[in-house]
2 protein chains.
Amino acid sequence: MNQEIIHVAIVEDNDELRQMLAYVINGTPGFYCKHTYVDCESAIKELPNTYVHVVLMDIELPGINGIEGVKILKEKMPQVDFIMLTIKQDDESLFGSLCAGATGYLTKDTPPLQLLQSVKEVYHGGAPMSTRIARKVIDSFNIETKKSPLSERESEILKLLCDGMNYRSIADQLFLSAHTVKTHIKNIYKKLHVNSRAGAVSKAIKDGLI
Amino acid sequence: MNQEIIHVAIVEDNDELRQMLAYVINGTPGFYCKHTYVDCESAIKELPNTYVHVVLMDIELPGINGIEGVKILKEKMPQVDFIMLTIKQDDESLFGSLCAGATGYLTKDTPPLQLLQSVKEVYHGGAPMSTRIARKVIDSFNIETKKSPLSERESEILKLLCDGMNYRSIADQLFLSAHTVKTHIKNIYKKLHVNSRAGAVSKAIKDGLI
DNA sequence: TGCAACATCGCCCATTTGGGGTAAAATCCG
DNA sequence: CGGATTTTACCCCAAATGGGCGATGTTGCA
């Protein structure tokens with residue numbers, strides 16, 4: 001039976017909200033909240049010694065913010081799921097949280113019932129977030145593929161450049177003369193507005209040219 | 001009023017399912033489905049000339065598959081939202097679809113009512129997907145950050161390498177001698193098992209070292 | 001306390017690179 | 001058909017790079 005109860009921890013500096021959340025959680029069958037913290041510092045110190053499944057984490061916190069907090073805590077407790085509970089909806093907070101290891105992202109105006117539903121959802125392998133947040137996340141995959149200004153051959157050579165190959169190796173692999181490879185690379189530099197292999201490789205990868 | 005009606009198109013080779021979907025859609029107030037296609041080839045030819053908001057796209061199609069289809073269609077109709085409707089739940093199909101431009105990802109066992117809800121959701125700026133799919137998507141952000149084998153200083157220099165800077169520039173920026181910068185870079189090469197700036201930059205970006 | 005890692009600076013030298021040209025054939029596109 | 005682009009190839013040369021070697025001081029951890 002005990003396994004069925006989801007243990008929730010809260011990190012939230014607002015006393016009223018924190019207590020309200022704990023009250024709601026403890027007042028609902030299947031949920032239990034024993035540990036609450038007013039800042040990340042204390043959470044980082046004590047949470048690793050507790051038994052929890054899900055952590056509700058505020059972002060705007062004094063001292064270590066929620067994103068940094070998740071980063072640190074997720075490192076120590078990778079099996080625990082973190083749900084950000086915040087008023088911030090900017091991309092930086094959102095993707096910062098996800099990259100830090102958060103699994104859910106809810107705004108503070110989420111009604112209690114839906115919040116509990118989200119906790120249950122994350123516990124059962126879901127990733128709760130509002131429809132608007134979900135859209136942002138999905139859209140981040142669809143970064144419009146800027147069509148490369150490079151020709152077929154140039155792209156081919158750029159790929160090899162990214163593998164750290166030099167003129168000779170590239171020439172051998174493509175059955176070209178090193179001179180030709182050099183010409184292509186010079187043209188690539190012109191088109192990408194760089195003047196070194198490092199710059200070209202960086203731009204290539206960051207702009208998804210390869 | 002007309003704006004309130006969501007125009008849906010369907011690309012699905014299974015006759016029964018396609019007709020059933022169209023039937024459900026047309027039988028529900030607020031939804032309308034005029035155009036249905038049995039393969040991507042015909043959809044690519046005709047869809048750009050139609051008025052639609054949302055396209056339900058099967059993945060397993062003869063000829064051009066749904067992922068390729070979305071890639072081509074999204075290019076021509078970027079304002080249209082695509083929802084994949086598939087039995088495939090593998091990562092390749094999922095992320096392939098998202099990268100191709102899909103906004104939603106549902107399995108074929110999604111009940112009609114929820115499907116309609118998803119269409120409405122995507123039309124209103126959401127990104128409908130099952131909890132399991134959402135989790136996969138979110139987890140993809142949380143690719144464990146391999147802790148860099150590099151020292152603080154080395155990471156710093158690696159960043160500048162990625163900007164295409166040479167010894168002198170880096171030295172100037174960090175108030176070091178070019179010799180020192182060179183030494184650091186040599187050590188970076190050893191640690192990353194590369195032997196050129198291009199290789200280091202490539203590895204740095206791909207492995208998220210910077 | 002001692003050793004490993006880090007950070008700093010230096011020299012030598014062969015090889016690579018980047019920039020400046022030139023040019024011809026192939027291919028594509030209108 | 002004719003121009004634009006792409007692909008191929010070459011020369012010269014100054015500058016940058018990579019590898020090998022050594023040296024000093026600091027810091028951190030065992």
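Values below: all heavy atoms of this structure, side chains included; hydrogens, waters and symmetry mates excluded. So you know, we letter chains A, B, ... as the sequences are listed, proteins then strands, and number each from 1.
For the OP1/OP2 pair of C:dC6 and a distance below 4.0 Å, the side-chain nitrogens and oxygens of B:H184 include no atom meeting the criterion. Within the structure, a side-chain polar atom (N or O) of B:T180 is placed less than 4.0 Å from OP1 or OP2 of C:dC9.
Counting to the nearest Å, the P atom of D:dA9 and the CG atom of A:L174 are 11 Å from each other. Atoms CD (B:E154) and C1' (C:dA7) sit 9 Å apart, rounded to a whole Å. Atom CD1 of A:I157 is separated from atom P of D:dT8 by 7 Å (rounded to the nearest Å). At whole-Å resolution of the value, CG in B:N187 and C1' in C:dT8 are 11 Å apart. Atom CG of A:L150 is separated from atom P of D:dT5 by 15 Å (rounded to the nearest Å). Regarding A:D172, its CG atom lies at a distance of 16 Å from the C1' atom of D:dT8, rounded to whole Å.
A salt bridge links A:D15 to A:R18: at least one charged side-chain nitrogen sits closer than 4.0 Å to a carboxylate oxygen. For the pair A:E156 and A:K159, the salt-bridge criterion is not met [side-chain N within less than 4.0 Å of a carboxylate O].
Heavy atoms of A:S177 sit under 4.0 angstrom from primed sugar atoms or phosphate atoms, though from no base atom.
Applying the side chain to side chain contact (heavy atoms under 4.5 Å, CB included) test to B:K45 and every residue at least two apart in sequence or in another chain returns nothing. Contacts of A:D172 classified as side chain to side chain contact (heavy atoms under 4.5 Å, CB included), with partners at least two apart in sequence or in another chain: A:R168. Partners of B:A127 by side chain to side chain contact (heavy atoms under 4.5 Å, CB included), not counting sequence neighbours, listed by chain and number: A:A134, A:R135, A:I138, B:T103.
Counted within 6.0 Å of CD on B:Q79, heavy atoms from surrounding residues, nucleotides or ligands total more than 12; the atom is thus considered enclosed. Atom NZ of A:K191 is surrounded by more than 12 heavy atoms from other residues, nucleotides or ligands within 6.0 Å.
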With B for base contact, S for sugar-phosphate-only contact and - for none (protein heavy atoms under 4.0 Å), nucleotides 11-30 of chain D reads SB---SSBBBB---------
For nucleotides 25-30 of chain C, give me one character per nucleotide, 5' to 3': B if any protein heavy atom sits under 4.0 Å from the base, S if the only such contacts are to the sugar-phosphate, - if neither. ------
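Listed for the A:D39 side chain is a donor-acceptor partner under 3.5 Å among the backbone atoms of A:S42.
Both tests pass for B:R197 against the ring of B:Y167: distance under 6.0 Å to the centre and angle within 45° of the axis.
From one end of the helix from C:dT1-D:dA30 to C:dG30-D:dC1 to the other, with five pairs defining each end axis, the axis direction shifts by 70° (rounded to 10°).
Considering all non-hydrogen atoms of both residues, B:L61 and B:V38 come closest at CD2-O, 4.0 Å.
Between A:Y37 and A:H35, the ring planes are parallel. Angles under 30° get that label, and only those over 60° would be called perpendicular.
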